[in-house]
Amino acid sequence: MKKTFLLLLMATLVFGCKSKSATNTKLNNKAEVLVKGNWNISSVTYPGSDYIKVTSFDVADSKCFVGSQWKFISNNNKGDMALNNAACTGFSSPITWFINKEGQFVMKIINETKSKKVLDGYVLKVANMTETSFQLIDNINVGGKNVDVVYQFARN
């Protein structure tokens, strides 16, 4: 299931991060161990970012995620994320996550609900993994054209 939201707001287009179900739940343990630890998002990029606003993970504008702190625990696939950009409303939440054999990063934002009861999640592509950085890429539809939103992670 894909969710993409389109709103016209003062001549700026606003789109939402999609959610869908993962196709493969077989874990890529090597990739999971590589992202284990504390990270921050150093940039969020996509074509047309001056004119198009993307709401990431149904939480906030994608630019609010720059500087956000993420913790990934690979042995139990839990963690947390916190938005701390001074220009945005703060937000923090526990998450569950995994990376499957197809290179998909699958995440649920837990908030006050147990993860088993959270039905919506997010599936992004993992790219350019190193010991100090990686990217999560979301592909959204903007006016009938697919656009990649790239979240650049840097190890703390």
(message) Working to the nearest 0.5 angstrom, can you tell me the gap between Asn84 CG and Phe91 CZ?
(response) 13.0 Å
(message) Please check: side-chain N/O of Asn40 versus main-chain N/O of Ser68, any donor-acceptor pairing under 3.5 Å?
(response) no
(request) Please answer: with hydrophobic residues joined when any side-chain heavy atoms are less than 4.5 Å apart, are Val150 and Val147 in the same cluster? (result) no
(message) Check whether Asp61 reaches the backbone of Lys63 with its side chain - one donor and one acceptor, N or O, closer than 3.5 Å.
(response) yes
(request) List the steps, then state whether side chain to side chain contact (heavy atoms under 4.5 Å, CB included) holds for Asn139 with Lys125. (result) CA-CA 9 Å; Asn139 188 269; Lys125 179 183 170 190; over 6 Å; no
(message) Working to the nearest 0.5 angstrom, can you tell me the gap between Lys26 NZ and Asn100 CG?
(response) 11.0 Å
(request) Report whether Val126 and Leu34 are members of the same hydrophobic cluster (ILVMFWY, side-chain heavy atoms less than 4.5 Å apart, transitive linking). (result) yes
(request) Pick out which of Tyr46, Tyr122, Phe57 makes a ring pair (Phe, Tyr, Trp, His ring centres under 6.0 Å) with Tyr151. (result) Phe57
(message) Can a donor-acceptor pair be found, under 3.5 Å and without considering hydrogens, that links the side chain of Arg155 to the backbone of Gly37?
(response) no
(message) Looking only at side-chain N and O atoms, does Asn156 offer a donor or acceptor that is under 3.5 Å from a partner on Gln69?
(response) yes
(request) Identify the two heavy atoms, one from Pro47 and one from Asp148, that lie closest to each other, and give their separation to 0.1 Å. (result) CD-O, 3.7 Å
(request) Give a yes or no answer on whether the side chain of Ser42 reaches the backbone of Gln152 with a donor-acceptor pair at less than 3.5 Å. (result) yes
(request) With side chain to side chain contact (heavy atoms under 4.5 Å, CB included) as the test, would you mind laying out the steps for Asn77 and Leu27 before giving the verdict? (result) CA-CA 10 Å; Asn77 296 98; Leu27 301 182; 4.3 Å; yes
(request) Apply side chain to side chain contact (heavy atoms under 4.5 Å, CB included) to Leu124 and Ile137, showing your working. (result) CA-CA 5 Å; Leu124 296 94; Ile137 302 171; 5.9 Å; no
(message) Donor-acceptor check, side chain of Trp70 to backbone of Ala82, threshold 3.5 angstrom: yes or no?
(response) no
(request) Heavy atoms only: give me the nearest Ala60-Leu83 pair and the separation to one decimal. (result) CB-CD1, 3.9 Å
(request) Measure across Asp138 and Val123 and return the closest heavy-atom pair with its distance rounded to 0.1 Å. (result) OD1-O, 4.3 Å
(request) Kindly compute the distance separating NZ (Lys53) from OG (Ser62), expressed to the nearest 0.5 Å. (result) 8.5 Å
(message) To the closest 0.5 Å, what do you measure between CG (Asp80) and CD1 (Ile109)?
(response) 12.0 Å
(message) Name the residue from Phe105, Phe134, Phe65 that meets the ring pair (Phe, Tyr, Trp, His ring centres under 6.0 Å) definition with Phe153.
(response) Phe134
(message) Rounded to the nearest 0.5 Å, what separates atom CG in Asn128 from atom CD in Gln135?
(response) 4.5 Å
(request) Locate the shortest heavy-atom distance separating Val59 from Thr55; write the atom from each residue and the value. (result) N-CG2, 4.1 Å
(message) Taking Ile99's backbone N and O only, do any of them form a donor-acceptor pair with Glu32's side chain (distance below 3.5 Å, no angle check)?
(response) yes
(request) Show your working on side chain to side chain contact (heavy atoms under 4.5 Å, CB included) between Lys36 and Ile73 and close with a plain yes or no. (result) CA-CA 5 Å; Lys36 174 183 166 183; Ile73 304 167; 6.0 Å; no
